[in-house]
J.: 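Here's a structure for you.
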Amino acid sequence: MLRVTDKLVSLLAPLFTITVLFLTWYAAVTLFKPPSHLIPSPDDVLLRLWSGIVGGDMLPHIGATITASLIGYCIGVAIALSLAILLTEFPVLENSFYPLVLCFQSIPKVSIAPLVFVWVGFGMQSQVALVALICFFPLFTSAFAGLKSVDPNLSNMFRVSNAGRLHTMLHLRIPSAAPQLFVGLEISASFALVGCVVMEFINATQGTGFLIVNSSNTLDTTTSIAAMFALGILGLISSALVRAAGQKIVFWHRPATNIVNLAPRSAL
Amino acid sequence: MNRMAQPNLWPVLHTVDTASAYKAGLSIRDVSLTYGTSRGPLRALDNLSLDVKPGEFVAVLGPSGCGKSTLLKLVSGLLSATEGEIHLKGRPVKSPRSDVGIVFQQATLLPWKTVLNNVLVPVRAMGLPVKNYRDKALDLLKLVGLEAFANHYPSELSGGMQQRVAVARGLIHDPALLLMDEPFAALDAMTREHMMIELQRIWASTHKSVLFITHSIQEAVFLADRVLIMGGRPGRVVDELVVPLERPRTVETMARKDFNDLLGHLRHVFGEKSTC
Ligand SMILES: Nc1ncnc2c1ncn2[C@@H]1O[C@H](COP(=O)(O)OP(=O)(O)OP(=O)(O)O)[C@@H](O)[C@H]1O
Ligand SMILES: [Mg+2]
């Protein structure tokens with residue numbers, strides 16, 4: 001019984017704050033009547049979002065952002081995982097490449113955005129490239145740390161059994177690192193949208209970022225904010241998906257606190 | 001557990017020296033090991049010699065830091081000796097061997113595998129056919145009294161139960177020699193006593209040679225045929241005690257005078273010779 005009420009409270013509490021926020025916003029707008037290009041009314045924003053999705057005029061933009069982010073995410077994740085596995089498996093590679101990766105990590109990744117256009121050209125590939133780059137680092141650092149921190153007793157157990165390197169990697173090191181991997185995957189997922197939107201701001205003919213820039217230029221603030229909301233919802237969904245997958249796959253791991261807070265920080 | 005279900009295996013034990021069917025002698029001769037540390041070389045073991053006869057239960061008793069785990073790593077082939085030789089069944093131990101099983105201080109089970117699959121970990125790692133060992137694994141789980149928990153995950157087991165899974169895992173590939181590094185040190189006193197009795201029973205029914213490392217005098221005397229006392233810095237064997245108590249030893253044995261005299265004797269030896 002107590003469990004159910006607890007769950008209900010934890011579900012209703014954020015809904016309550018959100019409602020209060022919207023009501024305050026609504027009251028302020030009706031009271032002070034600011035021009036809608038400065039602060040639009042919340043019901044207008046929600047209606048705009050609704051019509052943009054149901055009417056379909058926002059969908060191609062949102063779709064473009066999802067596609068580029070997803071492809072970039074997958075590429076970044078694949079590279080980060082392979083590199084982390086290679087570096088932790090071969091000490092020579094670790095010694096020669098790890099310091100280098102750490103150096104690159106401290107560079108804000110968005111600062112490379114203009115060069116990305118020079119290197120891969122305009123269009124979706126530029127978004128994919130920056131997303132992949134941004135997604136790489138959080139996952140790489142947590143995967144590296146996770147693969148390195150295998151319980152020495154467990155590795156001894158595998159060694160006494162004469163386990164091969166591949167076997168040890170698949171059955172010991174990767175599963176041991178899995179909780180950390182999912183921390184990285186979740187941070188990377190939240191970074192992916194940032195990378196994509198930044199590129200769409202600079203140069204794109206489509207995408208949610210483009211929509212925001214474009215409608216701001218025509219003082220259509222309602223559409224801008226509606227697009228921002230769409231991005232927020234995308235962000236929520238993507239991290240919820242990764243977290244749910246993590247809880248399902250890493251079923252044996254029960255994080256004591258919100259695990260993302262313990263994650264290694266990585267500059268965007 | 002169902003101790004009574006085991007038939008009378010005890011007569012076998014008194015013929016260990018002649019039990020040629022289970023030849024698995026371990027011989028360690030003048031072994032030294034020096035660790036290279038940041039503060040220079042550290043001699044962890046110095047000219048250590050010992051033997052474990054086939055089917056014999058030998059306890060190595062020593063204070064913390066005197067090199068017990070180091071000794072075990074040498075025998076398991078995880079480390080190689082700086083000097084000296086280790087032979088098992090007449091063949092030198094140079095790297096990990098499949099005729100050795102190991103149980104660590106912590107149960108070290110894989111939390112993502114069921115109890116049954118944890119017992120099968122060495123089988124998979126050695127590339128042996130799993131299907132041939134599944135029944136064996138279930139038999140071993142029965143032996144340690146956990147047949148009902150085969151499909152549970154380690155997190156659903158108590159510390160003592162996890163440690164019993166680790167014992168079953170150490171025996172799955174039928175090793176001639178079982179190495180145990182303070183396997184019950186992390187358990188509470190009650191569970192520990194229970195585990196000592198369980199281990200004696202398992203040993204009696206599997207006829208393995210056991211090299212059992214501990215810093216508990218009581219554990220050593222209760223379990224072993226022979227207790228080797230180690231002294232530290234550098235580690236070496238300083239004394240030896242043959243335990244004359246008949247088997248099976250029970251909770252009542254622990255209350256007996258001759259048992260407690262042996263404990264007293266060992267405490268005395270510890271005070272005199274074993275400094276760490
Ligand atoms: N990998 C290592 N590198 C350097 N020195 C080590 C290493 N492992 C152990 N030592 C040193 O060797 C000595 C013996 O260590 P060992 O772990 O064998 O002791 P132990 O008898 O098992 O102790 P405990 O009962 O606390 O487990 C200690 O002084 C320790 O500091
Ligand atoms: Mg030790």
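Here the structure is a predicted model, which is why all the values come from computation and not from measurement. Side-chain atoms are counted along with the backbone in the values below, which use heavy atoms only and exclude waters and symmetry mates. Here is how names work: the chains are called A, B, and so on, in the same order as the sequence lines, proteins then strands, and each is numbered from 1.
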J.: More than 12 heavy atoms of other residues, nucleotides or ligands under 6.0 Å from CZ of A:Phe104: is that the case?
T.: no
J.: Does A:Arg159 use its side chain to pair, donor to acceptor, with the backbone of B:Leu78 at less than 3.5 Å?
T.: yes
J.: Atom CG of A:Asp151 and atom CD of B:Gln106: how far apart are they, to the nearest 0.5 Å?
T.: 8.0 Å
J.: Distance from B:Met126 atom CE to A:His167 atom NE2, nearest 0.5 Å?
T.: 10.5 Å
J.: Between A:His171 and chain B, which part of the residue has a heavy atom less than 4.5 Å away: side chain, backbone, both or neither?
T.: both
J.: Quick one: pull up CG in A:Leu172 and CH2 in B:Trp112 and give me the separation to the nearest 0.5 Å.
T.: 5.5 Å
J.: To the closest 0.5 Å, what do you measure between OG (B:Ser76) and CE (A:Met157)?
T.: 12.5 Å
J.: Report the residue from A:Asn156, A:Val160, A:Asn153 that forms a side-chain contact (heavy atoms from CB on, under 4.5 Å) with B:Ile102.
T.: A:Val160
J.: Should the heavy atoms of other residues, nucleotides or ligands under 6.0 Å from CZ of A:Phe97 be counted, would the total exceed 12?
T.: no
J.: I need the residue from B:Ser155, B:Pro122, B:Ala125, B:Gly101 with the largest number of non-hydrogen atom pairs under 4.5 Å to chain A.
T.: B:Ala125
J.: When rounded to the nearest 0.5 angstrom, what is the spacing between CD in B:Glu156 and CH2 in A:Trp252?
T.: 14.0 Å
J.: As an exercise, state the distance from OG of A:Ser161 to NE2 of B:His173, rounded to the nearest 0.5 Å.
T.: 6.5 Å
J.: Could you tell me which portion of B:Arg97 (side chain, backbone, both or neither) has an atom closer than 4.5 angstrom to a non-hydrogen atom of chain A?
T.: backbone
J.: By a 4.5 Å heavy-atom criterion (distance strictly below it), what part of A:Thr168 contacts chain B: side chain, backbone, both, or neither?
T.: neither
J.: Using a 4.5 Å cut-off on heavy atoms from C-beta on, say whether the side chain of B:Phe104 contacts that of A:Leu154.
T.: no
